[in-house]
Amino acid sequence: MPQIIDGKKISAAIKEELKVKVEELKKQNIEITLAVIQVGNDPASCVYVRNKKKACEFIGIKSLSYELEETTTEEELIKLVEELNERDDVNGILVQLPLPKHIDEDKIIMTISPKKDVDGFHPMNVGALNIGQPGFVSCTPAGVIQLLKRSNIDIEGKECVVIGRSNIVGKPMGALLLKENGTVTICHSRTKDLKEVTKRADILVVAIGKPRFITKDYVKEGAVIIDVGMHRGEDNKLCGDVDYNDVADHVSAITPVPGGVGPMTIAMLMNNCVESINL
Ligand code: NAP
């Protein structure tokens, strides 16, 4: 039986630790405030935003909610972000993605002050990560590092293979594993002979966006599997990018879906909000 890496338990522990930190800060009259902006009412975004606000409430972070009409213009959104950038009582700004098609997401991300960019998407923070400077780190890959560390899985010197090179998962994941002294390979849709590369992995992080794509023929015996994928199957059940039942007996540790990487993203967002007072 593999070690099941329990993201629910680990994220709950992180949130408890943050709650204590926030209480300590309040005693010093320091309050943390996150501004959450949602444009339109995409059902998935509504769920994410609601969960983020709930996590803020649990930890003791104040959240300001901006629920804007789908028809909000790019200029109006930029103006709001600029106002929030200027406010001393706002520590973090989160613009829920995706935005409606008429708004340029990159332009909005660029408008958020790097010091308030708790999602870690601003090029200044992306650059900081890549040159080992302090800054906000994208929440999902930061959560993967916590899962590994808190499960006592060493990264140093390990062959780490990441499938996927998106700006929010694959690329920062590679940078973080490198920072932890892993030997990192990043695969993508043009990788030749994917199986040959993934079978070298001691730690395989899968963020390919295809349900149950990774079967045991992609995996070295005894590898650690981190499944970032999140899909709702035809049976209405959640599943990942990894075929869990096929690989489970073949590996030493694995994250389930749900209950693996998923809960870590919000925990690390909360961590970024608390860290914002030091950046
Ligand atoms: P994405 O932007 O769609 O990126 C997918 C990556 O996989 C791309 O780099 C793509 O390569 C690569 N790829 C696609 N087909 C491939 C193939 N056949 N062989 C090798 N590489 C292939 O996805 P993402 O935003 O990174 O998300 C990945 C998964 O994680 C999704 O299932 C998403 O739902 C999930 N996710 C979960 C969380 C969470 O909190 N748990 C957060 C974010 C994302 P190219 O670059 O060449 O196209």
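Just so you know, ligand 1 is whichever comes first in the structure, and atom 1 is the first atom listed for that ligand. Each residue takes its place number in the sequence, starting with 1.
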Asker: Any salt bridge linking K149 with E180? Criterion: basic side-chain nitrogen under 4.0 Å from a carboxylate oxygen.
Answerer: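 Salt bridge between K149 and E180, a charged N being under 4.0 Å from a carboxylate O: yes.
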
Asker: Does ligand 1 have a heavy atom under 4.0 Å from the side chain of T191, from its backbone, from both, or from neither?
Answerer: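 No part of T191 comes within reach of ligand 1.
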
Asker: Out of V49, T72, V95, which one pairs with I37 under the side-chain contact (heavy atoms from CB on, under 4.5 Å) rule?
Answerer: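 The passing option is V95.
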
Asker: Dump the intermediate steps for salt bridge (charged side-chain N to carboxylate O under 4.0 Å, His left out) on D217 and K195, then the final yes or no.
Answerer: CA-CA 7 Å; D217 357 331; K195 281 183 189 161; 3.5 Å; yes

Asker: Looking only at non-hydrogen atoms, find the nearest pair between A201 and K220 and report the distance.
Answerer: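 Looks like O-CE, 3.6 Å.
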
Asker: Less than 4.0 angstrom from a charged side-chain N to a carboxylate O is my criterion; do E83 and K79 meet it?
Answerer: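 Result for this pair is yes, salt bridge flagged.
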
Asker: Spell out, as yes or no, whether a donor-acceptor pair under 3.5 Å connects the side chain of T255 to the backbone of D227.
Answerer: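 Yes, because the side chain of T255 sits within donor-acceptor range (under 3.5 Å) of the backbone of D227.
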
Asker: Report yes if R165 has an N/O atom closer than 3.5 Å to an N/O atom of ligand 1; otherwise report no.
Answerer: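 Between R165 and ligand 1, an N or O pair is found under 3.5 Å apart.
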
Asker: Quick test of your reading of the model: are K8 and D6 salt-bridged, counting only N-O distances below 4.0 Å?
Answerer: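 Looking at D6 together with K8, the answer is no, because their closest N to O distance does not fall below 4.0 Å.
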
Asker: Could you tell me, atom by atom, which parts of ligand 1 come under 4.0 Å of a heavy atom of H231?
Answerer: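 Matching atoms, with element in brackets: 32 (O).
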
Asker: May I ask whether K210 places a heavy atom under 4.0 Å from ligand 1?
Answerer: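 The answer is yes, since K210 has a heavy atom less than 4.0 Å from ligand 1.
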
Asker: Check each of R190, H188, M230, K171 against atom 34 (O) of ligand 1 and report the one with the nearest heavy atom.
Answerer: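 It is M230 that holds the nearest heavy atom.
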
Asker: As a test of understanding, state which of V184, I145, I186, T140 forms a side-chain contact (heavy atoms from CB on, under 4.5 Å) with M173.
Answerer: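 Checked V184, I145, I186, T140 against M173; only one passes side-chain contact (heavy atoms from CB on, under 4.5 Å): I145.
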
Asker: Say whether I163 and V247 are linked into one hydrophobic cluster, either directly or through other cluster members, by side-chain heavy-atom distances under 4.5 angstrom.
Answerer: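 In one cluster with I163: V247, yes.
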
Asker: Distance to 0.1 Å, residue and atom name: give those for the protein heavy atom nearest to atom 11 (O) of ligand 1.
Answerer: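 That would be S189 N, 3.2 Å.
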
Asker: Using a strict cut-off of 4.0 Å, indicate which atoms of ligand 1 neighbour a heavy atom of V169.
Answerer: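 Within the 4.0 Å cut-off of V169, ligand 1 contributes 26 (O), 43 (C), 44 (C).
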
Asker: Are Y218 and F213 close enough, and set up right, to give a ring-ring contact (aromatic ring centres under 6.0 Å, His included), and what steps lead you there?
Answerer: CA-CA 9 Å; Y218 286 84; F213 185 92; 5.6 Å; yes

Asker: Specify the protein heavy atom at minimum distance from atom 36 (N) of ligand 1: its residue, its atom name, and the distance to 0.1 Å.
Answerer: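 Heavy-atom neighbour on the protein nearest atom 36 (N) of ligand 1: V228 O, 3.6 Å.
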
Asker: Which atoms of ligand 1 have any heavy atom of A207 under 4.0 Å away?
Answerer: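 By the 4.0 Å cutoff, the relevant atoms are 5 (C), 6 (C), 7 (O), 28 (C).
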
Asker: Can you find a protein heavy atom closer to atom 3 (O) of ligand 1 than 4.0 Å?
Answerer: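 So atom 3 (O) of ligand 1 lacks protein heavy-atom neighbours under 4.0 Å.
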
Asker: So if I count the atoms of ligand 1 from 1 in the order they appear, which ones are less than 4.0 Å from some heavy atom of G262?
Answerer: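 Once the distances to G262 are compared, the set is 41 (N).
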
Asker: Measuring from non-hydrogen atoms of C187 to any atom of ligand 1, is the shortest distance under 4.0 Å?
Answerer: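 C187: no contact with ligand 1 (<4.0 Å).
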
Asker: Just to be sure I'm reading this right: ignoring hydrogens, which of T265, I266, T198 gets closest to atom 40 (O) of ligand 1? Compare them by their nearest heavy atoms.
Answerer: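 Shortest heavy-atom distance from atom 40 (O) of ligand 1: T265.
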
Asker: What atoms of ligand 1 come closer than 4.0 angstrom to any heavy atom of G229?
Answerer: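 Heavy-atom distances to G229 below 4.0 Å select 29 (C), 30 (O), 32 (O), 35 (C).
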
Asker: I'd like to check which ligand 1 atoms, numbered from 1 as shown, lie under 4.0 Å from a non-hydrogen atom of G164.
Answerer: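 What qualifies from ligand 1 is 6 (C), 7 (O), 9 (O).
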
Asker: Relative to ligand 1, is I208 under 4.0 angstrom through side chain, backbone, both or neither, heavy atoms considered?
Answerer: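 It is both backbone and side chain that touch ligand 1.
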
Asker: Which residue and non-hydrogen atom of the protein lie closest to atom 24 (P) of ligand 1, and at what distance in Å?
Answerer: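 Result: S166 OG, 3.6 Å.
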
Asker: Residue-level breakdown please: for M264 versus ligand 1, do any non-hydrogen atoms fall below 4.0 Å on the side chain, on the backbone, on both, or on neither?
Answerer: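 It is neither part, as no heavy atom is under 4.0 Å.
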
Asker: Evaluate side chain to side chain donor-acceptor pair (under 3.5 Å) for S65 paired with K53, printing each intermediate quantity in order.
Answerer: CA-CA 8 Å; S65 185; K53 286 185 201 158; 2.8 Å; yes

Asker: Classify the contact between T140 and ligand 1 as side chain, backbone, both or neither, using a heavy-atom distance cut-off of under 4.0 Å.
Answerer: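 Just the side chain.
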
Asker: Provide, to 0.1 Å, the distance between atom 31 (C) of ligand 1 and the closest protein heavy atom, together with that atom's residue and name.
Answerer: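 Answer for atom 31 (C) of ligand 1: G209 CA, 3.6 Å.
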
Asker: Is it true that L204 and I254 fall in one hydrophobic cluster, defined by side-chain heavy atoms closer than 4.5 Å?
Answerer: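 Same hydrophobic cluster.
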
